[in-house]
Each structure stands twice: as C-alpha cells, then as structure tokens.
A.B. asks: 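Quick one: this structure, given as structure tokens, is what I'll be asking you about.
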Amino acid sequence: MKLAEIYKLIDGIAPFSLSRDYCEKYGAYDNSGILVDCGREITGILFSLDCSLRAVAAAKEAGAELLVTHHPAIYAPLNRLGQDDPVTACARAGISVLSAHLNLDCARGGIDDCLAKAIGAEKTVRMHELPQGGYGSFFTIDLCPLSAFVKKTEKALHTGRILVYGDRPVEKIASFCGAGMDEESVAFALEKGADTFVSSDPKHHLIAEAVGKGLNVVILTHYAAENYGFETFYRKIKEKCSLVRTEFFTDERLM
C-alpha cells in the first residue's frame, strides 16, 4: 500500500480535520499527519503510542516500513535532530511515521470515548463538542465503592499504577484522556455534579482544588489512559489493511 492510502484509511476513522477544528475552536495546538515520509511501499505497519527508540526497534524487527503513533513524533518546532533521536532512527531505517493525535482523541469511538467506555460509560456528555466528536466525558455508573471502581479500572486498562484521592462512593464520573486535568475540566466536573474525576498528568494545585471541593481524584498513567483506546483504533485499521502486516507495540514499563 501507499502511505497516502493508509492516511486515507485513518482519516476515515479519525478525520484529521477534527484536529484542526479542535485547535481553532478551543485554542489548542497539534501536529498530526504524515511527519516522516521515506517514500517506500508499505508492506508492514507497527502501531505504538509513542515514537520511542524501543518502538523503532520493534518496527525494524517486524519489518515495518511505517510507524503509526498517537503522540506526534514531531510536536514542537525542531531546532535540531540528534543521532539518537527516534525520528532520526526512523529516517535512517527507511521507516515513515504517521501520527494521529487530537483527531484520534476527539473522534467518535476514539481515545477519549474508549477511556470512558472502559471505566463504565454507556452514554456521555461532552465538555468540548465538535460536529464529529469531542473531548471530555461525563457519565453515570451504578453506585459502587471507590475501591471497587479502581479495581475495575485497573483490570480494564491493564495497569497497576493508579493514584487515588478520596473515599466517596462512585456514581457520577468525569473522565479525560491524556493530560486532561486543568481548571476548565475540574470546573466542568463540578458543574455536572461529578463525584469522581479521572485523568492523568495533573498539577498539584488542581488535585488540591478538586479534593478540597469533594471530588475523588483517580490519576492514571498517561500511557494507560490512552493505550487502551489506541489499541482499539489499531484493531479497526487492521481489519481494513488485510494486505498489510500490522502489529501493536506496548511499552509495559509505562503502563
């Protein structure tokens, strides 16, 4: 397959226009799309949440000509690339890189939706709405102890690294994939009457504010908060790429 054909497949599931729409509407920044194009025919693809040296090594071992990541391999403007940079390693090996970031966070059935569904959501209310999706989820589940909710979350997301504040029973949840805890998301959770806030990578003052206002705060690793949804996305692409070998890489050290 051509790289452009795979881009089109991904665009059909998580339109790259979502990234542009989200950035324009909510003042965000992103760099999704084809970030390294080595011009080779694609006979194998490795999917990895990050463009890391371990992911590049796995792509080489798999004989993949394409690495598809969630987190952009090139994010901020670059001043230089070192010899040990993963992007340099990809280019040397002839491995193209395609990253689907905010578009995949926001797509219907994307990473934010997958996180909410994994921890119990059936129907959600969005914090940020877009015509074809959105970001930030509020939903209700059957009332249960916080400890039971945490155990269920650990099992669903295949992680044992969860930091928990609070002791309230869990029924009304606000969840945000990635580094989704900020002033706006905490305010959204409180406005909706949530008793539990789920995200990752928070700043201390936000935890203190949320706990001070009576919220349980459940902190996942960033990796665990998104790898489940990214693997779900991988399976969707795998079904549509029957002529291309596809593999999924998980860095267990980060779960």
A.B. asks: Take F16 and I10, measure what side-chain contact (heavy atoms from CB on, under 4.5 Å) needs, and give me the verdict at the end.
C.D. replies: CA-CA 8 Å; F16 287 94; I10 292 173; 3.8 Å; yes
A.B. asks: Taking C-beta and beyond as the side chain, do K240 and I13 meet within less than 4.5 Å on heavy atoms?
C.D. replies: yes
A.B. asks: Under 4.5 Å between side-chain heavy atoms, hopping through other hydrophobics if needed: is there a path connecting V198 to L163?
C.D. replies: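 Different clusters: V198 never reaches L163 through Ile, Leu, Val, Met, Phe, Trp or Tyr contacts under 4.5 Å.
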A.B. asks: Show the atom names and distances, to 0.1 Å, of all donor-acceptor pairs under 3.5 Å that link a side chain in residues 2-9 to residues at least two apart or in another chain.
C.D. replies:
from: K2; atom 1: NZ; to: E41; atom 2: OE1; distance (Å): 3.1
from: E5; atom 1: OE1; to: K2; atom 2: N; distance (Å): 2.7

A.B. asks: Name all pairs fulfilling the side-chain hydrogen bond (donor to acceptor under 3.5 Å, both in side chains) condition that reach into residues 83-97, sequence neighbours left out, sorted by first residue then second.
C.D. replies: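 As it turns out, there is no side-chain hydrogen bond (donor to acceptor under 3.5 Å, both in side chains) pair with a partner in residues 83-97 once direct neighbours are skipped.
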A.B. asks: Ignoring hydrogens and geometry, is there a side-chain-to-backbone donor-acceptor pair from S32 to H101 under 3.5 Å?
C.D. replies: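 Pair found, side chain donor or acceptor close to backbone of H101.
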A.B. asks: Residues two or more places apart in sequence or in another chain: which of them pass side-chain hydrogen bond (donor to acceptor under 3.5 Å, both in side chains) with S185?
C.D. replies: D182
A.B. asks: Taking side-chain hydrogen bond (donor to acceptor under 3.5 Å, both in side chains) as the cut-off, I'd like each qualifying pair that reaches into residues 164-179, sequence neighbours left out, listed once.
C.D. replies: none
A.B. asks: Locate the shortest heavy-atom distance separating G109 from C114; write the atom from each residue and the value.
C.D. replies: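 In this case the closest contact between G109 and C114 is O-SG, 3.5 Å.
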A.B. asks: Ring pair (Phe, Tyr, Trp, His ring centres under 6.0 Å) with Y22: which residues, sequence neighbours excluded?
C.D. replies: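 Y22: ring pair (Phe, Tyr, Trp, His ring centres under 6.0 Å) contacts with Y26, H128.
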A.B. asks: Specify whether F47 and F233 have parallel, tilted or perpendicular ring planes, treating 30° as the upper limit for parallel and 60° as the lower limit for perpendicular.
C.D. replies: perpendicular
A.B. asks: My understanding is that only residues two or more places apart in sequence, or in another chain, count here; which of them pass side-chain contact (heavy atoms from CB on, under 4.5 Å) with A189?
C.D. replies: A174, A194, F197, L215
A.B. asks: Taking the side chain as C-beta and beyond, is there a heavy-atom pair between I219 and I162 under 4.5 Å?
C.D. replies: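 No. Closest side-chain heavy atoms not under 4.5 Å.
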A.B. asks: Tell me whether I141 is reachable from M127 by hopping between hydrophobic residues (I, L, V, M, F, W, Y) whose side-chain heavy atoms are closer than 4.5 Å.
C.D. replies: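 No, no single cluster joins them.
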A.B. asks: V218 and V170: side-chain contact (heavy atoms from CB on, under 4.5 Å), yes or no, with the steps?
C.D. replies: CA-CA 11 Å; V218 177; V170 179; over 6 Å; no
A.B. asks: In the structure I gave you, are the side-chain heavy atoms of C23 and L102 within less than 4.5 Å of one another anywhere?
C.D. replies: yes
A.B. asks: Going by atom types alone, do D113 and S137 pair a side-chain donor with an acceptor below 3.5 Å?
C.D. replies: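 S137 and D113 do not have a side-chain donor-acceptor pair below 3.5 Å.
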A.B. asks: List the residues meeting ring pair (Phe, Tyr, Trp, His ring centres under 6.0 Å) with Y135, not counting sequence neighbours, and say none if there are none.
C.D. replies: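 Partners of Y135 by the ring pair (Phe, Tyr, Trp, His ring centres under 6.0 Å) criterion come out as none, since no residue qualifies.
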A.B. asks: Which atom pair, heavy atoms only, marks the closest approach of C90 to C38?
C.D. replies: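 Residues C90 and C38, closest heavy atoms: O-SG, 4.4 Å.
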A.B. asks: SG of C106 to NZ of K25: how many Å apart, nearest 0.5 Å?
C.D. replies: 11.0 Å
A.B. asks: Looking only at heavy atoms, what is the nearest atom pair of L46 and A55, with distance?
C.D. replies: CD2-O, 3.2 Å
A.B. asks: Could you tell me which residues satisfy side-chain hydrogen bond (donor to acceptor under 3.5 Å, both in side chains) with S19, sequence neighbours excluded, listed by chain and number?
C.D. replies: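 Residues passing side-chain hydrogen bond (donor to acceptor under 3.5 Å, both in side chains) with S19: D30.
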A.B. asks: Under 4.5 Å between side-chain heavy atoms, hopping through other hydrophobics if needed: is there a path connecting F188 to V186?
C.D. replies: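 Both belong to a single hydrophobic cluster.
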A.B. asks: Can F248 and Y234 be said to form a ring pair (Phe, Tyr, Trp, His ring centres under 6.0 Å), step by step?
C.D. replies: CA-CA 7 Å; F248 191 83; Y234 153 74; 5.3 Å; yes
A.B. asks: Distance-only criterion, 3.5 Å: show the donor-acceptor pairs between side-chain atoms of residues 147-155 and protein atoms not counting sequence neighbours.
C.D. replies:
from: T153; atom 1: OG1; to: F149; atom 2: O; distance (Å): 2.9

A.B. asks: How many angstroms lie between atom CG of L98 and atom CD1 of I42, to the nearest 0.5 angstrom?
C.D. replies: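 So the CG of L98 and the CD1 of I42 are separated by 9.5 Å.
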A.B. asks: Is there a chain of hydrophobic side chains (I, L, V, M, F, W, Y, each step under 4.5 Å between heavy atoms) that links L220 to I173?
C.D. replies: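 The answer is yes; both residues are in one hydrophobic cluster.
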A.B. asks: Please indicate whether E61 has more than 12 foreign heavy atoms, meaning atoms of other residues, nucleotides or ligands, lying under 6.0 Å from its CD.
C.D. replies: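 Open: at most 12 neighbouring heavy atoms sit under 6.0 Å from CD of E61.
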A.B. asks: I'd like a table of donor-acceptor pairs (distance under 3.5 Å, sequence neighbours excluded) in which one partner is a side-chain atom from residues 67-75, with atom names and distances.
C.D. replies:
from: T69; atom 1: OG1; to: H71; atom 2: O; distance (Å): 2.8
from: T69; atom 1: OG1; to: S99; atom 2: OG; distance (Å): 2.7
from: H70; atom 1: ND1; to: A100; atom 2: O; distance (Å): 2.8
from: H70; atom 1: NE2; to: D105; atom 2: OD1; distance (Å): 3.1
from: H70; atom 1: NE2; to: E226; atom 2: OE1; distance (Å): 3.4
from: H71; atom 1: ND1; to: D50; atom 2: OD1; distance (Å): 2.6
from: H71; atom 1: NE2; to: H222; atom 2: NE2; distance (Å): 3.1
from: H71; atom 1: NE2; to: E226; atom 2: OE1; distance (Å): 2.8
from: Y75; atom 1: OH; to: Y29; atom 2: O; distance (Å): 3.1

A.B. asks: Indicate the atoms forming the closest heavy-atom contact of T246 with C241, along with that distance.
C.D. replies: CG2-CB, 4.3 Å
A.B. asks: Evaluate side chain to side chain donor-acceptor pair (under 3.5 Å) for E183 paired with H205, printing each intermediate quantity in order.
C.D. replies: CA-CA 10 Å; E183 286 78 2; H205 75 279; 3.1 Å; yes
A.B. asks: Does any non-hydrogen side-chain atom of Y223 lie less than 4.5 Å from one of D251?
C.D. replies: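 Yes, at least one pair of side-chain atoms sits under 4.5 Å.
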A.B. asks: For R80, give me all partners under side-chain contact (heavy atoms from CB on, under 4.5 Å), at least two apart in sequence or on another chain.
C.D. replies: none
A.B. asks: Can you tell me how far apart CG (L130) and CD (E24) are? Round to the nearest 0.5 Å.
C.D. replies: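 So the gap between those two atoms works out to 10.5 Å.
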A.B. asks: Do the side chains of I237 and L18 join up, straight or via other hydrophobic residues, at under 4.5 Å, putting them in one cluster?
C.D. replies: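 Each belongs to a different hydrophobic cluster.
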A.B. asks: Could you check I111 against F230 for side-chain contact (heavy atoms from CB on, under 4.5 Å), going step by step and ending with a plain yes or no?
C.D. replies: CA-CA 6 Å; I111 288 180; F230 193 62; 4.2 Å; yes
A.B. asks: Is any side-chain heavy atom of R54 less than 4.5 Å from a side-chain heavy atom of R253?
C.D. replies: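 Heavy-atom side-chain distance check passes, below 4.5 Å.
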A.B. asks: Given 3.5 Å as the limit, does a donor-acceptor pair link the side chain of R40 with the main chain of I95, or not?
C.D. replies: no
A.B. asks: What residues form a side-chain hydrogen bond (donor to acceptor under 3.5 Å, both in side chains) with T43, not counting sequence neighbours?
C.D. replies: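 E65, R245.
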A.B. asks: Could you check whether E209 pairs with K213 (Lys NZ or Arg NE/NH1/NH2 to Asp/Glu carboxylate O, under 4.0 Å)?
C.D. replies: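 Yes, this pair counts.
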A.B. asks: Working note: E247 + I45, criterion side-chain contact (heavy atoms from CB on, under 4.5 Å); need CA distance, chi angles, decisive distance, verdict.
C.D. replies: CA-CA 6 Å; E247 295 189 25; I45 309 172; over 6 Å; no
A.B. asks: Do you know the tightest heavy-atom contact between M255 and T221?
C.D. replies: O-OG1, 3.2 Å
A.B. asks: Give a yes or no on whether the backbone of G136 and the side-chain of D112 come within a donor-acceptor separation of less than 3.5 Å.
C.D. replies: yes
A.B. asks: What are the two closest non-hydrogen atoms of S199 and M181, and how far apart are they?
C.D. replies: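 Smallest interatomic distance, heavy atoms only, reads OG-N, 3.6 Å.
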